[in-house]
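Each ligand, and each atom within it, is numbered from 1 in the order the structure gives. Keep in mind it's a predicted model, so treat the numbers as computed, not measured.
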Amino acid sequence: MAKPDLRSMTIEELQILTDEIGEPKFRAKQIFEWLHKKNVNSFDEMTNISKSMREKMSEKYKISNLKIVEKKESKDGTIKYLFALDNDNIIESVLMRYSFGNAVCVSSQAGCRMGCSFCASTLNGLEYNLLAGEILEQVYEIQKDIGERISNVVLMGSGEPLDNYKNVLKFIKIINDENGIAIGQRHITLSTCGLAEKILLLKEENLQITLAVSLHAPNDEIRKSIMPVAKKYSIDQLLGACKEYSDATKRRITFEYALIKDVNDSIECAKELSHRLKNMLCHVNLIPVNDVKEKNYKRSSETTIQNFADYLNSKGIETTVRRKLGSDINAACGQLRRGYLKNRG
Ligand code: SAH
């Protein structure tokens, strides 16, 4: 059996471990700092921990590490990374530079089983659920690579975060811990395709993170035609869960809506959407869809996108259009990984 990963453990869990091997509790905090503040990749680098304790730990535990296998930099500063996990799975992460700081878009799964028809990450199904430590490592390795602090994290890379619920929750807890990299909850966004039951579960955690929901359609008929998850949860059910979530956390929900030419971009769609979202504490983010070669979806025209945004704004629903970063390096949605895996054969 694989050894448990030390980097995926909270301080409380590390304290259980130090108890087990007969070491004082303050050692747990020291180990946590090595892994999450100094971001070391091996037991040997933990120089204030005795050699015998390091040996005891390495017998039973591993430290998850990611290796950069490919890196592409865009003219706008966006960098796309392909990482190899210890088990040789390939995942991707993106660094985005904003005026407010550096944001990293992390993957929570290799592949995905949600099957959205416009998304490249899901074409081969789910391959692996990332450990909390492997999600954290994406942030740490990028921070090391650029030598600048990462201030924001979005769980919007490949995978469905709420389908890897336990590990993702632990990731949020650890990344938020003041003894580690300490990224504030309000600087973390989790994007889901809309697993309504899991949204209700997450509500109980009462986090201050931003919840983004990939809605992409104003009614069940269109949504079912592009997102299989819509067959499990109706829009009414999904928006009901979102309402409960924002009532409980007092946090505004972001609805993502990828505009696909002639599929979901008509003014009728905008109208229907505005009725649906009338009483929600929310914000709409329109995404010009990235063409996926395997599918016949085309991006809506600039005018159509602007008209859609204007309509929603005129109805009092705050709407923005996502700025495109890194389009010259295939930075979007599983495309670089897919190209790499195809070449690797
Ligand atoms: N599974 C989560 C997070 C990963 S996808 C989710 O569904 O939200 C992150 C965002 O990218 C989602 O809004 C997703 O719908 C969107 N996306 C996927 N493929 C896309 C494409 N080809 N063009 C534009 N957006 C896309």
If you count the atoms of ligand 1 from 1 in the order shown, which ones are under 4.0 Å from a heavy atom of Met156?
-> 4 (C), 5 (S), 9 (C)
Relative to atom 14 (C) of ligand 1, which among Glu256, Glu160, His216 owns the nearest non-hydrogen atom?
-> His216
Residues Glu160 and Arg113 bridged, charged N to O under 4.0 Å = no
Any side-chain donor paired with an acceptor under 3.5 Å for Asn167 and Asn164?
-> yes
Might you confirm whether atom NZ of Lys38 has over 12 heavy atoms from other residues, nucleotides or ligands at distances under 6.0 Å?
-> yes
Numbered in order shown, the ligand 1 atoms found under 4.0 Å of a heavy atom of Gly159 are 1 (N), 2 (C), 3 (C), 4 (C)
Numbering the atoms of ligand 1 from 1, which are under 4.0 Å from a heavy atom of Asn290?
-> 21 (C), 22 (N), 23 (N), 24 (C)
Decide whether an N or O pair under 3.5 Å exists between Leu155 and ligand 1.
-> no
Is Ala120 in contact with ligand 1, taking contact as a heavy-atom separation below 4.0 Å?
-> no
Counting each atom of ligand 1 from 1 as listed, which ones have a heavy atom of Val289 under 4.0 Å away?
-> 21 (C), 22 (N), 23 (N), 24 (C)
Backbone N/O of Ala182 and side chain of Asp177: donor-acceptor pair under 3.5 Å | no
What atoms of ligand 1 come closer than 4.0 angstrom to any heavy atom of Cys119?
-> 18 (C), 19 (N)
Using a heavy-atom cut-off of under 4.0 Å, does the side chain or the backbone of Thr192 touch ligand 1, or both, or neither?
-> backbone
State whether the number of non-hydrogen atoms from other residues, nucleotides or ligands found under 6.0 Å of Glu12 atom CD is greater than 12.
-> yes
Using a strict 4.0 Å cut-off to heavy atoms of Cys193, name the atoms of ligand 1 that fall inside it.
-> 6 (C), 7 (O), 8 (O)
Between Leu190 and the options Val153, Ile172, Val154, Thr210, the side-chain contact (heavy atoms from CB on, under 4.5 Å) test singles out Ile172
N/O to N/O below 3.5 Å, does that happen between Ile287 and ligand 1?
-> no
Per-atom filter on ligand 1: closer than 4.0 angstrom to a heavy atom of Gly157 are 4 (C)
Are the side chain of Ser191 and the backbone N or O of Met156 linked by a donor-acceptor pair below 3.5 Å?
-> no
Under 3.5 Å, is there a donor-acceptor pair linking the side chains of Asn264 and Arg223?
-> no
